Engineer: 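Sharing a structure, written as structure tokens. Questions coming.
Order of the sequence lines fixes the chain letters, A, B, ..., with proteins taken first and strands second; residue numbering starts at 1 for each chain. Everything numeric in this text was worked out from a predicted model, so none of it was measured.
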Amino acid sequence: MSQATESDVREDGIIESVSGPVVTARDLDARMNDVVYVGSEGLMGEVIEIEGNITTIQVYEETSGVSPGEPVEGTGAPLSVDLGPGMLDAIYDGVQRPLDVLEEKMGSAFLDRGVDAPGIDLEKTWEFNPEVAEGDAVEPGDIVGSVPETPSIDHKVMVPPDYEGGEVVAIESGNFNVEETVAELDNGEEIQMRQEWPVRSQRPAKEKETPTEPLISGQRVLDGLFPIAKGGTAAIPGPFGSGKTVTQHQLAKWADADIVVYVGCGERGNEMTEVIEDFPELEDPTTGNALMDRTCLIANTSNMPVAARESCVYTGITIAEYFRDMGYDVALMADSTSRWAEAMREISSRLEEMPGEEGYPAYLSARLSEFYERAGYFNNINDTEGSVSVIGAVSPPGGDFSEPVTQNTLRIVKTFWALDADLAERRHFPSINWNESYSLYRDQLDPWFVENVRDDWPETRQWAIDTLDEEAELQEIVQLVGKDALPEDQQLTLEIARYLREAWLQQNAFHDVDTFCEPEKTYRIMDAIQTYNDAAFEALDAGVPVEEITDIDAAPRLNRIGVQEDYNEYIDELEADIQEQLRELY
Amino acid sequence: MKEYQTITEISGPLVFVETDEPVGYDDIVEIELSDGETRRGQVLESASDYVAIQVFEGTEGIDRNASVRFLGETMKMPVTEDLLGRVMDGTGQPIDGGPEIVPDERRDIVGEAINPFSREYPEEFIQTGVSAIDGMNTLVRGQKLPIFSASGLPHNDLALQIARQATVPEEDEASDDDEGSEFAVIFGAMGITAEEANEFMDDFERTGALERSVVFMNLADDPAVERTITPRLALTTAEYLAFEKDYHVLVILTDMTNYCEALREIGAAREEVPGRRGYPGYMYTDLAQLYERAGRIEGREGSVTQLPILTMPGDDDTHPIPDLTGYITEGQIYIDRDLNSQGIQPPINVLPSLSRLMDDGIGEGLTRADHADVKDQIFAAYAEGEDLRDLVNIVGREALSELDNKYLDFADRFEEEFVDQGFDTARDIDETLELGWDLLSMLPKDALNRIDEDLIEEHYREDETAEAVEAEA
């Protein structure tokens, strides 16, 4: 974190009252959303209401023992994040304090209060390579040089968007720390590798464009049926135990974004530990480098202070936007946005604001839209193109999707992955309900799939959707009369649909091979089932009883394609066997 | 220490006092009544000229002349290894007639959050000896796994069974530096009846478990507000024993529903804007601050494993208490009314139950290589059988195919043989998995699509057993 860079001295205030994370102060000279330090321990807080000479502050740390009469010190700056090399591979709390540094500073495994640390290492030096020369004119946002931050990512050093820009009068390559000036402009502006940005304002861009490229997730049900675009938005609502977090982790691991920002907002400590322990050991499937080299983690677990939970999604998206400005495709996972909304509700109720639906503040909808609107495929102010995709988990109470957070989220996002407790109970994972979910990007992404995977991707997918739809209808009848009462062709359809569910939609996140499925493989499994379907119906038409068709040895092997590394060979052989075995029946 | 006789308002569990000096938020307060009795409380809100205090022992008998002392510190728990074997009331005062506790340390009961960076991911299997848990929803050290139950169900028996049987198999092999890591149970009771309390105490004494236990008892007729601190005292003790004294601590908290009722009572007395069903909006945060105090820390031997018990009002798991709990804890174990009435002990319904940390705690070197596949297959087969039961009610067994009938038999035998084992039987993991294979062998080989082919070859009971089983059924 970084504050207090502005030098204008402001007057200190005095604490008037304390109630949980909400503190009021008298005579504090501060602006709305300014960061302040509260009490003799200097706990970090933010101004959220000003009324007469009473200022209300939400405090990002535990307030036990803080008493009225203690001082409150203003910084005159809004809550901002430090942006610069050193953010990848890092793990932050909700206000961008690096947790590893905090552990060292506090000398304890428990989070103490009143300890601050900069978001990026101020001492470490980085190798700076200029990309402009002296005499070149640069504008705000322009890239002046780059730093090889991790093996996968070149960190671009940009003119901060709030500068005026001008002619470069000095620039040199070499090793610098993030506060040293690497370039000077003729108007006296100095460019460092580190810049700051207030978390609650969007970083500027030229234009928002229509996304046309999918964010490949390596998950068959997502890529195959409900794709999300680079720069798109998606919501994953589901009751507890339905697999939100595993789905988010899978996306963080396998999505083909350049940068992943993972915000653990009010979730479990052990889950964040899993990410911290697993990611450094995993390989990025596209570059082969460590996954951690492209990941920035923000962990504000459920027992960490509530106000920092409120701010952590903003910290995350600001970091995401910064990398977008460099021309990267960034994916942000927020798990879970419901915790964020609840943090708003908690603070709002402490402020005794008039509640809206279910006690949530009336501005819930506005805050959610503001947040999701920061996603998109952008033409940046430096003319690079970059995207921020936002995937938010939602935890509806009781799994009831009609509650305010889910409903307000669905009004904004274009992809909806509905998790289903029934599927989870029978361990159908990922338990994404194919009848309820949708993606509004499907049509605009089809050309990409046609061009990059197969010509008949849309048709084959449509066949799969139709088969699954038909199954849903038939199941209702089966529930009443049993499967054997159905005509033979419908029994066969049920069998085919079962393979679509088991061999294609189900995917084992914990299997080394099955955990990631490239689009080609997604297509081939779907296609293999269609091959079986076509041959089976031919046999049925030729008078073969349905039991014999479904009984062939080769068919169950469809379920094992997922775990095959050399799937092409396996599928070729399997398709041949299926056709041969079916031919033998008539 | 300044004393005030300036109580302005007494309302429910709250007392409002005018002050002329600042008082710290969350500080501890002593209130002396005119008859000399002292009660303790905590500052809930502190303003420059007044404070709101919640009184743990209730406000009955307090009048405006009572004197109020602010102790200038937050609530502390005196901790020492000697607490093992002791029984205390809900505020941490010994009630077993034993010697006074000489603390090593006095710890803040609110506790600080464990830095996620300093945590160690839990992956050490705890063998509870209960097949439905070990086989299907494995518990690991450092996990928080609540029991979702309802009134009239034997959740206490299950908790006791786990407390009695829990071991970590092959401890010496698994880690040779594990010496001195002993097992301890911390029992935090909130608002349970005296009878239930006796049941627990008798069992502890009978099995000799009391020696390695610390008991905090807030009974149903004790003040409700006191319940809000009981679990914090228990967890503070647990953290001390785990992270300072290298114990593997199992914390049983029962009944969380009473705890939440107490929170609601305080919220209502403070005239807060209520959230769902009148529970305070901060209940998620509050519960998280309890549940998240489970885990392991890198470089420390001990661990805190939590087994909170809650009774779902109206058997409804969408009620705010089980709902918020489920979002914080790492899974849940469901106690099922139907299974209970069938006499199945323990009546655990494995389908909605879940252990989130299971996948990393099982497998080769931890339990057995076939564990994950067997578990998946049993889940799938049992779910299939459950579905078919509805259908059988309509069309009858004869209308179903042979395979469907096998699934039905599987579901029945799974409940009767696998889940039902009695509260006094401990099965080790091998027994549990072998039993799983016995049952799975009822199904034809190619129906076992979740299990690796090699494992099927290795473990599948070939025809004779399968046929014998069929004949039997």
Side-chain angles (χ1 to χ4, degrees), chain A residues 15-20 62-70 91 99-100 102-103 109-112 240-241 266 268-270 272-274 276-277 299 301-304 306 339 342 345-346 349 352 355 358-359 395 397-400 425-427 478-485 502 510 556 559, chain B residues 22-27 44-48 74 108 110 112-122 142 272-276 281-282 284-285 288-289 292-293 295 297-298 318 320 323 326-328 330-332 351-352 354 357 359 372 376 379-380 383 390-391 394-395 399-401 446 449:
Chain A
I15 297 181
E16 178 80 12
S17 74
V18 187
S19 164
E62 184 66 47
T63 51
S64 284
V66 173
S67 62
E70 290 183 29
I91 164 159
L99 288 170
D100 48 348
L102 289 188
E103 181 189 54
F110 294 91
L111 288 169
D112 212 349
F240 60 81
R268 304 176 181 87
N270 281 332
M272 289 318 298
T273 311
E274 185 186 6
I276 300 167
E277 286 186 11
T301 59
S302 57
N303 57 338
M304 285 156 79
V306 63
R339 305 293 160 239
E342 277 160 16
R345 173 166 75 180
E346 199 174 318
S349 107
E352 295 173 359
E358 288 196 22
S395 318
D400 171 14
E425 247 180 51
R426 60 192 62 218
R427 303 312 193 249
V478 171
Q479 289 296 323
L480 293 176
V481 298
K483 194 164 150 191
D484 293 345
E502 291 179 1
F510 299 98
N559 281 335
Chain B
V23 174
Y25 174 72
D26 258 359
D27 274 3
L44 275 192
E45 191 174 337
S46 174
S48 52
T74 50
D108 202 312
V110 176
E112 289 157 338
I114 303 178
N115 186 335
F117 186 79
S118 316
R119 277 180 187 267
E120 191 175 321
Y121 190 63
E272 290 168 349
V273 181
R276 264 207 313 155
Y282 50 80
Y284 178 83
T285 307
Q289 280 168 354
E292 277 290 334
R293 292 173 79 175
I297 292 179
E298 226 165 90
T318 66
D323 192 55
Y327 277 122
I328 305 164
E330 284 134 358
Q332 65 279 335
L351 289 180
L354 171 73
L357 302 182
D359 289 290
D376 285 343
F379 267 120
D390 295 338
L391 187 56
I394 303 168
V395 299
L400 297 183
S401 68
D446 57 8
N449 57 1

Engineer: Can you tell which of B:Pro352, B:Ala383, B:Pro274 has the highest number of heavy-atom pairs within less than 4.5 Å of chain A?
Structural biologist: B:Pro352
Engineer: Does B:Glu298 have more than 12 heavy atoms from other residues, nucleotides or ligands lying within 6.0 Å of its CD?
Structural biologist: yes
Engineer: Would you mind checking which part of B:Thr74 comes under 4.5 Å of any heavy atom in chain A, side chain (CB onward), backbone (N, CA, C, O), both or neither?
Structural biologist: side chain
Engineer: Using the test side-chain contact (heavy atoms from CB on, under 4.5 Å), find all partners of A:Val478 that sit at least two apart in sequence or belong to another chain.
Structural biologist: A:Gln475, A:Lys483, A:Leu486, A:Leu494
Engineer: Could you look at A:Asn559 and say if it's the side chain, the backbone, both or neither that has a heavy atom under 4.5 Å from chain B?
Structural biologist: side chain
Engineer: So, does B:Tyr121 use its side chain to make a donor-acceptor pair with the main chain of A:Glu277 at under 3.5 Å?
Structural biologist: no
Engineer: Determine the option with the most heavy-atom pairs under 4.5 angstrom with chain A, choosing from B:Val110, B:Ile394, B:Asp359.
Structural biologist: B:Asp359
Engineer: Answer with side chain, backbone, both or neither: which region of B:Val23 has an atom nearer than 4.5 Å to a non-hydrogen atom of chain A?
Structural biologist: backbone
Engineer: Does any part of the side chain of B:Thr318, heavy atoms only, come nearer than 4.5 Å to the side chain of A:Asp400, both counted from C-beta?
Structural biologist: no
Engineer: Quick check: closest heavy atoms across A:Arg427 and B:Leu351, and the distance to 0.1 Å?
Structural biologist: NH1-O, 3.3 Å
Engineer: Measure the shortest side-chain to side-chain distance between B:Thr285 and A:Arg339 over non-hydrogen atoms and say whether it is less than 4.5 angstrom.
Structural biologist: no
Engineer: Which answer fits A:Glu342, side chain, backbone, both or neither, if we ask what part of it has an atom under 4.5 Å from a heavy atom of chain B?
Structural biologist: side chain
Engineer: Given side chain to side chain donor-acceptor pair (under 3.5 Å), test B:Asp390 with A:Gln479 step by step and report yes or no.
Structural biologist: CA-CA 8 Å; B:Asp390 295 338; A:Gln479 289 296 323; over 6 Å; no
Engineer: Using non-hydrogen atoms only, which part of B:Glu120 is less than 4.5 Å away from chain A: side chain, backbone, both, or neither?
Structural biologist: both
Engineer: Does the side chain of A:Asp112 come within less than 4.5 Å of B:Glu112's, by heavy atoms?
Structural biologist: yes
Engineer: In Å and rounded to the nearest 0.5 Å, what is the CD1 to OG distance from A:Ile276 to B:Ser118?
Structural biologist: 8.5 Å
Engineer: Under 4.5 Å between any side-chain heavy atoms of A:Phe240 and B:Asp323, yes or no?
Structural biologist: yes
Engineer: Kindly compute the distance separating OG (B:Ser48) from CD1 (A:Ile15), expressed to the nearest 0.5 Å.
Structural biologist: 11.0 Å
Engineer: Quick check for you: among A:Glu274, A:Glu70, A:Glu62, which has the greatest number of heavy-atom pairs under 4.5 Å with chain B?
Structural biologist: A:Glu274
Engineer: Which one, A:Gly359, A:Ala299, A:Pro397, leads in non-hydrogen pairs under 4.5 Å with chain B?
Structural biologist: A:Pro397
Engineer: Side chain from CB out, backbone as N, CA, C, O: work out which of these in A:Val18 comes under 4.5 Å of a heavy atom of chain B, or both, or neither.
Structural biologist: both
Engineer: For A:Met304 and B:Ala113, work out which heavy atoms get closest and say how close.
Structural biologist: CG-CB, 3.9 Å
Engineer: Are any non-hydrogen side-chain atoms of B:Glu330 and A:Asn270 less than 4.5 angstrom apart?
Structural biologist: yes
Engineer: If you count heavy-atom pairs under 4.5 Å with chain B, which of A:Ala485, A:Ser302, A:Pro355 comes out on top?
Structural biologist: A:Ser302
Engineer: Report the distance from atom OG of A:Ser67 to atom CG of B:Asp27, rounding to the nearest 0.5 Å.
Structural biologist: 7.5 Å
Engineer: Could you work out, with salt bridge (charged side-chain N to carboxylate O under 4.0 Å, His left out) as the rule, every residue matching B:Glu45, not counting sequence neighbours?
Structural biologist: B:Arg270
Engineer: Please say whether the positively charged group of A:Arg268, taken as NZ for Lys or CZ for Arg, lies over the ring of B:Tyr327, i.e. under 6.0 angstrom from the six-membered ring centre and within 45 degrees of the axis.
Structural biologist: no
Engineer: Give, as side chain, backbone, both or neither, the part of B:Glu272 having an atom under 4.5 angstrom from any heavy atom of chain A.
Structural biologist: neither
Engineer: How far does CG of B:Asp376 sit from CZ of A:Phe510, to the nearest 0.5 angstrom?
Structural biologist: 10.0 Å
Engineer: Distance check, rounded to the nearest 0.5 Å: A:Asp484 atom CG versus B:Leu400 atom CG?
Structural biologist: 7.5 Å
Engineer: Find out whether B:Leu44 and A:Ser19 are in side-chain contact, i.e. whether some heavy atom of one side chain is under 4.5 Å from a heavy atom of the other.
Structural biologist: no
Engineer: Using a cut-off of under 4.5 Å for heavy-atom pairs, which of A:Pro68, A:Ser17, A:Ser349 has the most such pairs with chain B?
Structural biologist: A:Pro68
Engineer: Between A:Thr301, A:Leu480, A:Ile91, A:Leu102, which residue shows the highest count of heavy-atom pairs closer than 4.5 Å to chain B?
Structural biologist: A:Leu480
Engineer: So do A:Met272 and B:Phe117 actually touch side chain to side chain, heavy atoms under 4.5 Å?
Structural biologist: no
Engineer: How many angstroms lie between CG in B:Asn115 and CD in A:Glu103, if you round to the nearest 0.5 Å?
Structural biologist: 6.0 Å
